[in-house]
Peer 1: 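The structure under discussion is supplied below as structure tokens; questions concerning it will follow.
So you know, we letter chains A, B, ... as the sequences are listed, proteins then strands, and number each from 1.
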Amino acid sequence: VENLANNPGGFNPDSSGLLPIESLRYIFRGQALLHAAQIDQGLPLQPDSLLRTSWLASELAARLEHRA
Amino acid sequence: VSSLARKPVPVSPAKPIEIDRPLPHNLDAERSILGAVLLDSQALDVIEKLPTEDFFLPQHRHILQHMRGLARKQQAIELITVVDSLDRSGNLEAAGGSGYVSQLADGMPRVSNVEHYARIVKGNAVLRNLAFKAEAIKERALANQDEPELIVKGARELIDEVAASASFSAEPFGWQGAFHTWEEFESCPPLEWAIENFLQKFSAAIIAGLSEHGKTLLLCSIAKALLNGGNLWGLFPVRHRAIRIVYLIPECSLPAFKHRLKLFGIYNAASPNDGRLLVRTLSKGPAPQLSDPAILFAAKGSHVVLDTAARFGDGDENSASDHAKGLAKDIFALLTAGAHSVLAAHHSPKSFRKESEMSLENVLRGTGDFGAMISTAWGVRKIDDEANIVHIQNLKARDFQACKPFQLIGRPFIDETGDFRVHKGPGECGELADEQPELRNTRGASQQAREFRTANIAHVRNWLQEDRKIESADIVNKFKALGIEVGSSTARKYRLEALKDA
């Protein structure tokens with residue numbers, strides 16, 4: 001879990017750390033919509049996808065906090 | 001996004017071609033496919049054969065390309081990873097930015113509909129491709145720098161390329177086009193006769209018999225009836241007079257055929273004043289290819305006479321069945337080109353001379369493909385040389401009740417009146433076995449043939465008593481079990497005779 005958190009599924013949090021805060025917000029919103037649609041259509045939710053979304057949420061929260 | 005929809009997007013033409021009109025596309029379908037892949041990466045398998053270039057919007061091509069890249073690396077495909085992949089390669093801006101990519105999650109399609117969306121995207125890509133190819137064809141034609149044949153060949157190749165790329169799944173593009181539509185059923189004309197109960201319109205018929213047994217004279221007589229109307233031999237009313245007859249007779253020289261046309265009084269139909277009879281004889285050169293555009297053009301709206309069928313067809317002449325296949329294909333092409341009928345003379349094999357009965361099998365032996373496609377077959381046998389008496393019997397009648405055998409007499413009537421006369425009408429005339437003079441004259445053989453026939457019919461009568469529904473094929477097998485070889489046509493006749501007696 002620690003490894004996934006650092007590099008979840010090949011996704012590099014460091015590079016996305018360079019994305020503007022608005023981008024992170026778009027992606028987080030979109031990912032949440034995707035999960036809702038997957039549940040709606042009976043598609044399985046992947047654990048590492050949920051992990052990445054959690055990371056997005058925490059990154060977004062940290063950035064917002066920093067900006068505030 | 002909407003302004004991009006009107007920009008020309010060349011689909012790999014040799015040089016960019018501008019088309020000043022909106023190109024066919026459906027951005028919603030493209031977005032739905034990308035959204036479906038985000039929902040379930042297995043959707044990529046469904047669109048495996050849909051090239052990235054088939055997407056109209058360049059942004060969508062970038063996104064799909066990166067989705068496929070992630071799949072190849074066995075990485076998860078979701079918004080975070082796709083945006084990350086685009087960003088790392090410096091393509092995020094070209095893909096519309098993270099905002100645009102994230103909006104793919106809005107209004108998610110059902111994953112199960114992805115094939116439907118792919119079909120829409122493919123259809124639009126085909127139309128765009130076709131428009132560019134057509135424009136390229138137009139440019140080349142207007143440039144007028146090559147031979148027309150080369151330009152046409154090139155055009156055909158370009159269109160073939162479009163057709164070849166038109167499928168994205170195992171389902172061939174436009175496969176339904178291989179079958180008749182309901183509209184075609186509804187608008188097609190009913191079965192029509194050119195000559196009632198003798199020659200159907202829009203179909204092929206044959207006059208089959210041994211060489212020198214009067215087939216060409218019969219065909220001249222039929223041509224006369226088609227040109228003049230009235231009644232063929234007083235037996236078969238002409239329902240539609242011919243607009244034109246195309247008579248191809250590569251076995252006969254022009255002087256000989258001219259003599260026959262004069263005999264039947266239809267020579268003037270070949271004159272420019274009339275123009276309803278187009279003739280090509282041996283004197284004009286070898287038999288033409290029936291696929292020749294000149295022949296196909298002339299065939300439209302015409303009755304085409306092939307005298308004889310053996311001289312036509314592309315198949316191997318030394319193989320009867322191969323040749324028959326080629327001929328069947330050519331005759332079909334003539335009918336497709338709009339021929340009102342194709343009437344072919346067919347040389348029966350020499351073995352038919354020994355037959356005391358006439359059947360489709362023995363007059364067409366070895367040419368089953370040809371026999372299968374024709375709607376009507378008439379067998380002929382000259383039974384009296386001196387008076388030119390020809391015995392005629394129907395051997396195949398698709399969708400109609402054929403008349404009983406009959407006989408025509410040519411001498412002296414063709415010379416005196418320009419046509420055959422009926423010697424024995426249907427109902428007065430027996431089957432060939434009863435009418436054939438050599439069998440009549442050699443009393444033993446005739447007697448034997450009649451005895452066999454009577455005995456065989458008695459067998460069938462017994463079998464019918466056991467099973468009223470017995471079919472011709474069963475009768476053939478039952479005879480086989482008795483060691484008697486009987487063709488299915490003969491079995492059918494025996495069955496009819498036995499039923500009549502019953």
Peer 1: Side chains of A:Asp48 and B:Glu78: closer than 4.5 Å at any heavy-atom pair?
Peer 2: no
Peer 1: Output all residues satisfying side-chain contact (heavy atoms from CB on, under 4.5 Å) with B:Arg110, sequence neighbours left out; order by chain, then residue number.
Peer 2: A:Asp40, A:Gln41, B:Ser112, B:Asn113
Peer 1: Checking heavy atoms, do the side chain of B:Val111, its backbone, both or neither come under 4.5 Å from chain A?
Peer 2: both
Peer 1: Quick one: pull up CZ in A:Phe28 and CD1 in B:Ile80 and give me the separation to the nearest 0.5 Å.
Peer 2: 9.5 Å
Peer 1: Got a second to check how far B:Leu79's CG is from A:Ser49's OG, nearest 0.5 Å?
Peer 2: 9.0 Å
Peer 1: Restricting to side-chain contact (heavy atoms from CB on, under 4.5 Å), what partner residues turn up for B:Glu183, sequence neighbours left out?
Peer 2: B:Thr181
Peer 1: Taking atom CD as the centre, does B:Glu161 end up with more than 12 heavy-atom neighbours from other residues, nucleotides or ligands that are less than 6.0 angstrom away?
Peer 2: yes
Peer 1: Is atom CD of B:Gln145 surrounded by more than 12 heavy atoms (other residues, nucleotides or ligands) closer than 6.0 Å?
Peer 2: no
Peer 1: Evaluate the side chain to side chain contact (heavy atoms under 4.5 Å, CB included) criterion for residues A:Gln38 and B:Asp40: first the C-alpha distance (whole Å), next the side-chain angles of each, then the deciding distance (0.1 Å), finally the verdict.
Peer 2: CA-CA 8 Å; A:Gln38 281 169 330; B:Asp40 184 355; over 6 Å; no
Peer 1: Contact part of A:Arg25 toward chain B, heavy-atom cut-off under 4.5 Å: side chain, backbone, both or neither?
Peer 2: neither
Peer 1: Need one label for B:Leu104: side chain, backbone, both or neither, based on atoms under 4.5 Å from any heavy atom in chain A.
Peer 2: neither
Peer 1: Compare every heavy atom of A:Tyr26 with every heavy atom of B:Gly99, then report the nearest pair and how far apart it is.
Peer 2: CA-CD1, 3.3 Å
Peer 1: Counting only heavy atoms from other residues, nucleotides and ligands, does the tally under 6.0 Å from CD of B:Glu93 exceed 12?
Peer 2: no
Peer 1: Within this structure, what is the CD1-OG distance for the pair A:Ile27 and B:Ser98, rounded to the nearest 0.5 Å?
Peer 2: 5.0 Å
Peer 1: Does atom CD (B:Glu186) have a neighbourhood of more than 12 heavy atoms from anything else shown, all under 6.0 Å?
Peer 2: yes
Peer 1: Identify the two heavy atoms, one from B:Leu39 and one from A:Ala37, that lie closest to each other, and give their separation to 0.1 Å.
Peer 2: CD2-CB, 3.5 Å
Peer 1: Does this structure show an ion pair linking A:Arg52 with B:Asp84, if we count only N-O contacts that are shorter than 4.0 Å?
Peer 2: no
